[in-house]
Amino acid sequence: MNIPLSIAAVGRDTADSVRLTPAPPPGRLIDSPRFPVQARVELGNAVQRKNLHQAMTTIRAKRAVVTAELDNWEQLRLAGEAIKNRTLRHLDHYLVQLEESLTAAGTTVHWARDAEEANRIIVGLVEESLGERREVVKVKSMATQEIDMNEALEEAGIAAWETDLAELIVQLGHDRPSHILVPAIHRNRSEVREIFNEEMGRYGRPAPEGLDTEPANLAGAARLHLREKFLRAKVAISGANFAIAESGTLVVVESEGNGRMCLTLAETLISVVGIEKVIPTLEDLEVFLQLLPRSSTGERMNPYTSLWTGPSSGDGPTTTHVVLIDNGRTKVLADPVGRDALRCIRCSACINVCPVYEKVGGHAYGSVYPGPIGAVLTPMLRGVTSPVDASLPFASTLCGACFDVCPVRIPLPDLLVHMRHKVVEAKAEAASGGRGLLHPHLEPVLMRATGTMFARPSLWAAAVAGGTLGGRILKGHVAHFGPLPWPLASWTGARDVPIPPTESYRAWYARTHHEDGSLK
Amino acid sequence: MSSSAREEILGRVRLALADVPPADETPIPWTYGQPRALDDVLDRFEDRIIDYRAAFERCSGAEVPARVAAALARYCARSAVLPDGLDDAIGAALVASGVAVRSDRPPLTRTELDATGAVVTTCAVAAAETGTIMLDHGPGQGRRALSLVPDVHVCIVRADQVVSDIPEAVARTVRALRERRPVTWISGGSATSDIELTRVEGVHGPRTLHVLLVETEGRG
Ligand code: SF4
């Protein structure tokens, strides 16, 4: 399998030689092209499409099995939703309680309004704690990706080493994650071997001679490469899956043990925690730690979960910091509809069932959060002014599969529609120069019209009659419409529209069934 | 700088929640700490451990030292760290079988730990439905690094420590957590599915987990 040029080429430019860690692709995510533009590019990547199809099919099946095993799965989802709602609706109270508990446990608490402030705090804390090597080891964390912390550390002359296998593949590959759970899912085993052979030696222990493409051997190479970094680690940086208000306990859920290495072997531990991660009590963990692994990797439980409450004498880091970050979250909270999105526990189930994600992969979303939750949360956090952010709420067919799997019952399809309205409003606002001129986007109008028809059976019958007549005329001539003219062009540009059937479902039902529902 | 950020963030939160009445409290439709109905808790625990491709055997308390020694011999572990509080008979059996036994007092350095083949610990509680073993790092369990860095972990679980599922297990560990002790949940050996979603056992944590379930009273 050929590796795309980007992997091999980016690492070798001269600017890279002064870097401590592999350079990611140039440019900021927020400057990415609009979703449909990048999606078209990604659709051309056959390796990625094949990997994704296989991976998503497997993970969906695993999730389905382990959630069906529990007779109280739906009750767990309701409980998860309720606990998160209770916390978010009094977030100020729980944040203050969390701060008190953390402080009482010996952890220093820092607050950051945005990414820049968070990075400034983190760089300062790292500087205070460094040993002779200017480096930190990292546990996989969405919050640190969101604030682009690695690059901030790099600019300060500090190397941040990713230790999760997939994150390592992404980092060494000069790449960006394409999934929140399995960030290197767009790479196949040959590509991984190529990346390891090419890059490991530049940043530490080289890949073993004669490394093959067996996943177990590739994982073995990562074990060897990272071990020396763990054994000499002075500073570790983590996120947290949950932060417990009553006790100041932080929880990290992982599989490989790299998290435990960082959380246990370093002398200073800095945890970067979004303010929405707080939950009230330790007992609440019984709900979330049943929901999360089953929704995420489709396992009954992930291999390792670490819970710690400040430094503990003779065991692990002697100094612990928590950086609580807002970075747009209070903006999301201020929208009584949009606030539901803050319940997200980053399990990735919605991404794994999304038919759009499965075809285009994560890079088209121009954000560290892809898939349905990314299409909702990214424009909420960043606003809808950049081209990519304004396009994200439309990166969905509204099929509803994401809500059905979401462990905290976030109504993702409703939120997508909600954000579409926000985009339309913002565009109208911009077009009118702030005078509020109406410039409706077509889809909301169509959706509203459909809603009216669903509500009135007579209108629906009339519309269906029109459709089946068209179907009868076209039948036998063509199987699908290609692109339709404006105003439907942007809809059909990426979709084939099937020719309407020659008979409606209602007509078929009336023809084949008696009034009591039995077959004729 | 930081304190004004604190005030500003809390201020933004309060402003954002202006629509929420102060007395509003979302009801939680959940009863905490309930057992899950299982036909046989120990059988379910065994199934789950085996499903994680970890080794599992049952024995009596008196058999533990010999079983531990046999397990280490099987994995060719020539050295082992034994935490304070572990039954002395285990150390004696290991020494008799030629294993170099290390204590963690004074604490082993990371490098020494990395050069140690195995660790033997007890646990605090285990959840059958998910095959999860919880350590609260009390006596017999050692600090967190001990059950992490060596490549083989033999874990001794008493039958009365096995509960049905996570809610009961969490209920049994909240005390340790409220005392601010770290707690580690272990469900099988370390694993990854990061390459093509193919499960690979053993990345950074111990690549081998060997569970000894002690069913009858006795030393253990
Ligand atoms: S929105 Fe729901 S399904 Fe998607 S990642 Fe968040 S918690 Fe999981």
Side-chain angles (χ1 to χ4, degrees), chain A residues 51 55 58-59 78-79 82-83 85-86 89 91-92 95 105 110-113 117 165-166 182 184 188-189 192 215-216 218-219 223 231 247 249 255-258 260-261 264-265 282-283 285-287 289-290 300-310 312 314-316 326 330 333-334 336, chain B residues 2 5-6 8-10 12-17 19-20 24-30 32-33 48 107 110-111 114 129-132 137 143-145 148 165-167 170-171 174 177-178 180-198 200 202-206:
Chain A
N51 290 357
T58 312
I59 204 164
L78 287 164
I83 296 168
N85 280 346
R86 172 186 282 217
R89 291 172 72 78
L91 190 59
D92 50 337
L95 284 173
H110 311 261
W111 300 73
R113 284 165 280 211
E117 188 167 37
L165 177 55
V182 277
N188 65 23
R189 55 185 79 189
V192 174
L218 295 168
R223 179 183 169 99
L231 293 180
S247 62
T249 304
S255 295
E256 295 170 11
N258 63 306
R260 290 177 71 196
M261 290 278 176
T264 311
L265 297 182
L282 288 163
E283 281 84 356
L285 288 174
E286 73 176 55
V287 172
L289 289 174
Q290 291 189 75
R300 297 184 185 102
M301 190 56 75
N302 51 289
Y304 299 132
T305 299
S306 296
L307 301 91
W308 75 98
T309 313
S312 93
D315 186 348
D326 177 349
T330 48
L333 193 68
Chain B
S2 190
R6 174 189 191 275
E8 194 173 326
I9 292 171
L10 287 173
R12 289 179 192 171
V13 170
R14 289 180 186 129
L15 203 64
L17 294 173
D19 63 308
V20 180
D24 164 286
E25 197 166 15
T26 311
I28 314 285
W30 184 255
Y32 288 85
R48 297 312 194 217
R110 305 178 204 188
T111 324
D114 192 38
E129 178 62 27
T130 62
T132 302
H137 305 283
R143 63 189 164 104
R144 286 174 288 172
L148 173 65
D165 202 354
I166 295 301
V170 166
V174 287
L177 287 165
R178 291 205 171 104
R180 302 192 182 130
R181 282 169 33 207
V183 167
T184 306
W185 298 14
I186 296 171
S187 308
S190 83
T192 183
S193 299
D194 278 350
I195 299 168
E196 296 180 11
L197 228 59
T198 305
V200 173
V203 195
H204 303 295

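Chain letters run A, B, ... following the sequence lines, proteins first, then strands; residues in each count from 1. Values reported hereafter were calculated over all heavy atoms of this structure, with side chains retained and with hydrogens, waters and symmetry mates removed.
- Looking at B:Val170, the atoms closer than 4.5 Å to chain A (heavy atoms on both sides) all sit in the side chain, from C-beta outward.
- For the pair B:Trp185/A:Leu289, a side-chain contact is recorded, criterion being any heavy-atom separation below 4.5 Å from C-beta on.
- Within the model, atoms OG1 of B:Thr130 and CZ of A:Arg300 stand 9.0 Å from one another, a figure rounded to the nearest 0.5 Å.
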message: The test is side chain to side chain donor-acceptor pair (under 3.5 Å); show your working for B:Trp30 and A:Glu286 and say whether it passes.
response: CA-CA 11 Å; B:Trp30 184 255; A:Glu286 73 176 55; 2.8 Å; yes

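- Top candidate by heavy-atom pairs under 4.5 Å with chain B, chosen from A:Pro336, A:Ser255, A:Gly257, is A:Ser255.
- Residues B:Ser193 and A:Val182 come closest through the heavy atom pair O-CG1, 4.2 Å.
- For chain B, the nearby part of A:Leu95 is the side chain; its heavy atoms alone come within less than 4.5 Å.
- To the nearest 0.5 Å, atom CD of residue A:Glu117 and atom CD of residue B:Glu8 are 8.0 Å apart.
- Residue B:Thr198 comes nearest to A:Arg189 through the heavy atom pair OG1-NH2, 3.8 Å, listed as atom of the first residue, atom of the second, then distance.
- Taking CG of A:Leu218 as the start and CD1 of B:Ile195 as the end, the distance is 4.5 Å to the nearest 0.5 Å.
- Results of the salt bridge (charged side-chain N to carboxylate O under 4.0 Å, His left out) test with A:Asp315 over B:Arg181, B:Arg180, B:Arg143, B:Arg144 single out B:Arg144 as the only residue that passes.
- By number of non-hydrogen pairs under 4.5 angstrom with chain A, the leading residue of B:Asp19, B:Leu148, B:Ile166 is B:Leu148.
- Contact annotation: the side chain of A:Arg260 never approaches that of B:His204 to less than 4.5 Å [non-hydrogen atoms, C-beta and beyond].
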- request: Assess whether side chain to side chain contact (heavy atoms under 4.5 Å, CB included) is satisfied between A:Leu91 and B:Arg14, documenting all intermediate values.
  value: CA-CA 8 Å; A:Leu91 190 59; B:Arg14 289 180 186 129; over 6 Å; no

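- Both the backbone and the side chain of B:Pro206 come within contact range of chain A, with heavy atoms under 4.5 Å apart.
- Using a 4.5 Å heavy-atom cutoff, the side chains of A:Gln290 and B:Pro167 are in contact.
- Atom CG in A:Leu285 sits 8.0 Å away from atom CG in B:Leu177 (nearest 0.5 Å).
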query: For A:Asn258 and B:Val203, what are the C-alpha separation, side-chain angles and deciding distance, and is it a side chain to side chain contact (heavy atoms under 4.5 Å, CB included)?
result: CA-CA 8 Å; A:Asn258 63 306; B:Val203 195; over 6 Å; no

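- With a 4.5 Å cut-off on non-hydrogen atoms, B:Thr192 touches chain A through its backbone and its side chain both.
- Minimum heavy-atom separation, B:Ser190 to A:Pro303: CA-CB, 4.4 Å.
- The main-chain N or O of A:Asn51 is never found under 3.5 Å from a side-chain atom of B:Glu196 such that the two would form a donor-acceptor pair.
- Pairing each heavy atom of B:Arg178 with each of A:Glu283, the nearest pair is NH2-OE1, 3.1 Å.
- Remark: the backbone N or O of A:Leu231 is paired with a side-chain donor or acceptor of B:Arg110 at under 3.5 angstrom.
- Within the 4.5 angstrom heavy-atom criterion, atoms from both the backbone and the side chain of B:Asp24 approach chain A.
- When every heavy atom of B:Arg12 is checked against every heavy atom of A:Thr330, the shortest pair comes out as CD-OG1, 3.3 Å.
- When all heavy atoms of B:Ile28 and A:Ala79 are compared, the closest pair comes out as CG2-O, 4.4 Å.
- Of the atoms belonging to B:Pro107, not a single heavy atom falls under 4.5 Å from chain A.
- When the candidates A:Gly310, A:Ala216, A:Ser247 are compared by the number of heavy-atom contacts under 4.5 Å with chain B, A:Ala216 comes out ahead.
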- request: Take A:Thr305 and B:Thr184, measure what side chain to side chain contact (heavy atoms under 4.5 Å, CB included) needs, and give me the verdict at the end.
  value: CA-CA 6 Å; A:Thr305 299; B:Thr184 306; over 6 Å; no

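- At a 4.5 Å heavy-atom cutoff, the contact between B:Val200 and chain A is made by side-chain atoms alone.
- Contact annotation: the side chain of B:Asp194 approaches that of A:Glu256 to within less than 4.5 Å [non-hydrogen atoms, C-beta and beyond].
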